[in-house]
Engineer: 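Take a look at this one; I'll ask things after.
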Amino acid sequence: MPDFCAAYGCSNERNIQTRSSGITFHRFPKDNSLRRQWERAVKRKGFVASERSLLCSEHFKANDFDRTGQTVRLRHGVKPSVFNFPSRLQKQVPSMTTQASRKAEESLPVDLPRHFQEAEPQSNVDHNYALPASPDALKARLNEALARVESLEHEKRNCLIRERRAKKNVQALLEGLRSTLTP
């Protein structure tokens with residue numbers, strides 16, 4: 001039976017392609033209060049999570065994960081917070097219209113460096129190393145790169161541990177063979 005992400009509008013399926021692209025799947029928590037918070041965050045009318053219900057890693061922030069072991073796990077008490085809801089499901093945030101907030105907004109100087117200013121959209125970009133047009137996009141790319149570096153560092157450490165374990169096993173086997181061959 002295929003496993004799909006339970007989030008509204010998400011069609012990620014647990015398979016080789018999603019795994020190779022770094023997407024992980026996480027079951028709803030067993031703790032009832034946290035489980036209800038996850039169910040509310042999904043914003044699906046009448047949704048009740050089953051034992052097999054999953055959310056993919058795209059609905060969590062990068063710092064919500066514990067990548068210290070071989071398995072990527074969610075930190076304790078984390079709630080999903082990254083969704084792409086249609087406007088009718090998004091929470092309306094009232095705008096600040098107080099006199100103090102307007103005055104503070106007007107007094108803030110916004111001097112962006114030259115490479116952050118909105119540039120003409122380039123229709124034919126044949127490389128992926130160009131800087132993004134906005135600081136938010138640049139920060140997102142940086143966070144993705146940092147998460148990938150952290151993941152690779154953990155993977156490297158785990159490979160070194162497995163290599164040491166394999167060497168010890170080979171040495172033990174060789175010593176066992178030597179002891180059986182020598183009278």
Side-chain angles (χ1 to χ4, degrees), residues 3-29 31 34-35 37-44 49 53-87 89-96 101 104-105 108-162:
D3 292 326
F4 290 93
C5 180
Y8 181 90
C10 184
S11 60
N12 284 335
E13 177 184 3
R14 183 187 285 180
N15 57 29
I16 293 171
Q17 288 84 15
T18 54
R19 184 179 176 137
S20 65
S21 64
I23 297 173
T24 56
F25 288 83
H26 307 276
R27 293 197 186 282
F28 278 68
D31 175 42
L34 189 58
R35 186 183 196 95
Q37 291 175 4
W38 279 39
E39 290 171 347
R40 279 193 299 268
V42 169
K43 291 189 181 178
R44 287 180 48 200
S53 295
L54 304 166
L55 280 180
C56 69
S57 56
E58 291 187 341
H59 304 293
F60 297 91
K61 297 175 186 165
N63 59 355
D64 290 344
F65 294 100
D66 177 13
R67 300 180 189 276
T68 56
Q70 291 181 344
T71 306
V72 176
R73 298 181 196 282
L74 288 170
R75 296 189 190 279
H76 182 70
V78 169
K79 293 176 259 274
S81 58
V82 180
F83 294 98
N84 189 15
F85 293 123
S87 58
L89 292 177
Q90 290 181 0
K91 186 176 181 180
Q92 299 298 324
V93 179
S95 62
M96 299 291 284
S101 65
E105 192 174 294
L108 288 175
V110 180
D111 293 334
L112 292 176
R114 184 176 42 89
H115 57 273
F116 282 142
Q117 292 174 351
E118 293 296 327
E120 294 290 321
Q122 298 176 358
S123 60
N124 186 14
V125 177
D126 60 350
H127 55 276
N128 61 356
Y129 52 85
L131 285 176
S134 72
D136 293 333
L138 182 62
K139 184 176 181 180
R141 276 186 59 187
L142 178 62
N143 285 338
E144 289 172 12
L146 289 173
R148 179 76 178 137
V149 166
E150 181 182 348
S151 171
L152 290 172
E153 285 173 348
H154 289 297
E155 193 175 320
K156 176 185 170 189
R157 190 190 83 215
N158 291 334
C159 287
L160 290 173
I161 291 170
R162 281 194 299 271

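Here the structure is a predicted model, which is why all the values come from computation and not from measurement.
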Engineer: With rounding to the nearest 0.5 Å, note down the distance linking OG in S21 to CD1 in I16.
Structural biologist: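 Rounded to the nearest 0.5 Å, the OG-CD1 separation comes to 12.0 Å.
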Engineer: Calculate, to the nearest 0.5 Å, the distance between atoms CZ and CD belonging to F25 and E13 respectively.
Structural biologist: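 Between atom CZ of F25 and atom CD of E13 there are 7.5 Å.
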Engineer: Verify, without hydrogens or angle tests, whether R35 (side chain) and A49 (backbone) share a donor-acceptor contact under 3.5 angstrom.
Structural biologist: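 It does hold such a pair.
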Engineer: Can you tell if the side chain of K139 reaches within under 4.5 Å of the side chain of N143, non-hydrogen atoms only?
Structural biologist: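 Yes, their side chains come closer than 4.5 Å.
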Engineer: Looking only at heavy atoms, what is the nearest atom pair of Q17 and S20, with distance?
Structural biologist: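 Residues Q17 and S20, closest heavy atoms: O-OG, 2.9 Å.
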Engineer: Taking the side chain as every heavy atom from C-beta outward, state whether H26 and T24 have any pair of such atoms under 4.5 Å apart.
Structural biologist: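 A side-chain contact exists here, since the closest heavy-atom pair is under 4.5 Å.
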Engineer: Within the structure provided, determine whether R14 and L54 are in side-chain contact (heavy-atom separation under 4.5 Å).
Structural biologist: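 R14 vs L54: side chains touch.
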Engineer: State, to 0.1 Å, how close A6 and V42 come at their nearest heavy-atom pair, and which atoms those are.
Structural biologist: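 Closest approach of A6 to V42: O-CG1, 3.4 Å.
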Engineer: Counting only heavy atoms from other residues, nucleotides and ligands, does the tally under 6.0 Å from CG of L160 exceed 12?
Structural biologist: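 More than 12 within 6.0 Å, yes.
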Engineer: Does R67 offer a backbone N or O that forms a donor-acceptor pair with the side chain of H154 under 3.5 Å?
Structural biologist: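 Yes.
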Engineer: Please identify each residue that fulfils side chain to side chain donor-acceptor pair (under 3.5 Å) with D66, with sequence neighbours left out.
Structural biologist: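 Testing D66 for side chain to side chain donor-acceptor pair (under 3.5 Å), a comparison that skips the adjacent residues, returns T68.
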Engineer: For residues L34 and P29, report the shortest heavy-atom separation together with the two atoms involved.
Structural biologist: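 Scanning both residues completely, I find the closest heavy atoms to be CG-CG, 3.7 Å.
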Engineer: What residues, two or more places apart in sequence or in another chain, satisfy side chain to side chain donor-acceptor pair (under 3.5 Å) together with E58?
Structural biologist: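 Applying side chain to side chain donor-acceptor pair (under 3.5 Å) to E58 gives N12.
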Engineer: Is the backbone of E155 close enough, under 3.5 Å, to the side chain of N158 for a donor and an acceptor to pair up by distance?
Structural biologist: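 It does not hold such a pair.
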Engineer: Under the ring pair (Phe, Tyr, Trp, His ring centres under 6.0 Å) test, which residues partner F28, sequence neighbours left out?
Structural biologist: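 Residues passing ring pair (Phe, Tyr, Trp, His ring centres under 6.0 Å) with F28: W38, F47.
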Engineer: Going by distance alone, is a donor N or O of one side chain under 3.5 Å from an acceptor N or O of the other, for H59 and S57?
Structural biologist: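 On atom types as modelled, these side chains do not qualify, holding no pair under 3.5 Å.
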Engineer: Distance from E153 atom CD to R148 atom CZ, nearest 0.5 Å?
Structural biologist: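 E153 CD to R148 CZ: 11.5 Å, rounded to 0.5 Å.
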Engineer: Only counting residues at least two apart or in another chain, list the ones meeting side chain to side chain donor-acceptor pair (under 3.5 Å) with S151.
Structural biologist: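 Here no residue qualifies.
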Engineer: Kindly write out the residues that satisfy side-chain contact (heavy atoms from CB on, under 4.5 Å) with R40, not counting sequence neighbours, or none if the list is empty.
Structural biologist: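 R40 satisfies side-chain contact (heavy atoms from CB on, under 4.5 Å) with R36, Q37 only.
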Engineer: Calculate, to the nearest 0.5 Å, the distance between atoms CZ and CG belonging to F4 and N15 respectively.
Structural biologist: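 Answer rounded to 0.5 Å: 8.5 Å.
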Engineer: Please report the closest heavy-atom contact between C5 and C56, naming both atoms and the distance.
Structural biologist: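 Closest heavy-atom pair between C5 and C56: SG-N, 3.3 Å.
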Engineer: Donor-acceptor pairs under 3.5 angstrom involving side-chain atoms of residues 69-78: please list them, not counting sequence neighbours.
Structural biologist:
residue : atom : partner : partner atom : Å
R75     : NE   : N63     : O            : 3.2
R75     : NE   : F65     : O            : 3.4
R75     : NH2  : F65     : O            : 3.2

Engineer: Give a yes or no on this: more than 12 heavy atoms of other residues, nucleotides or ligands lie within 6.0 Å of atom CZ of R157.
Structural biologist: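 Counting neighbours around CZ of R157, more than 12 heavy atoms of other residues, nucleotides or ligands fall under 6.0 Å, so yes.
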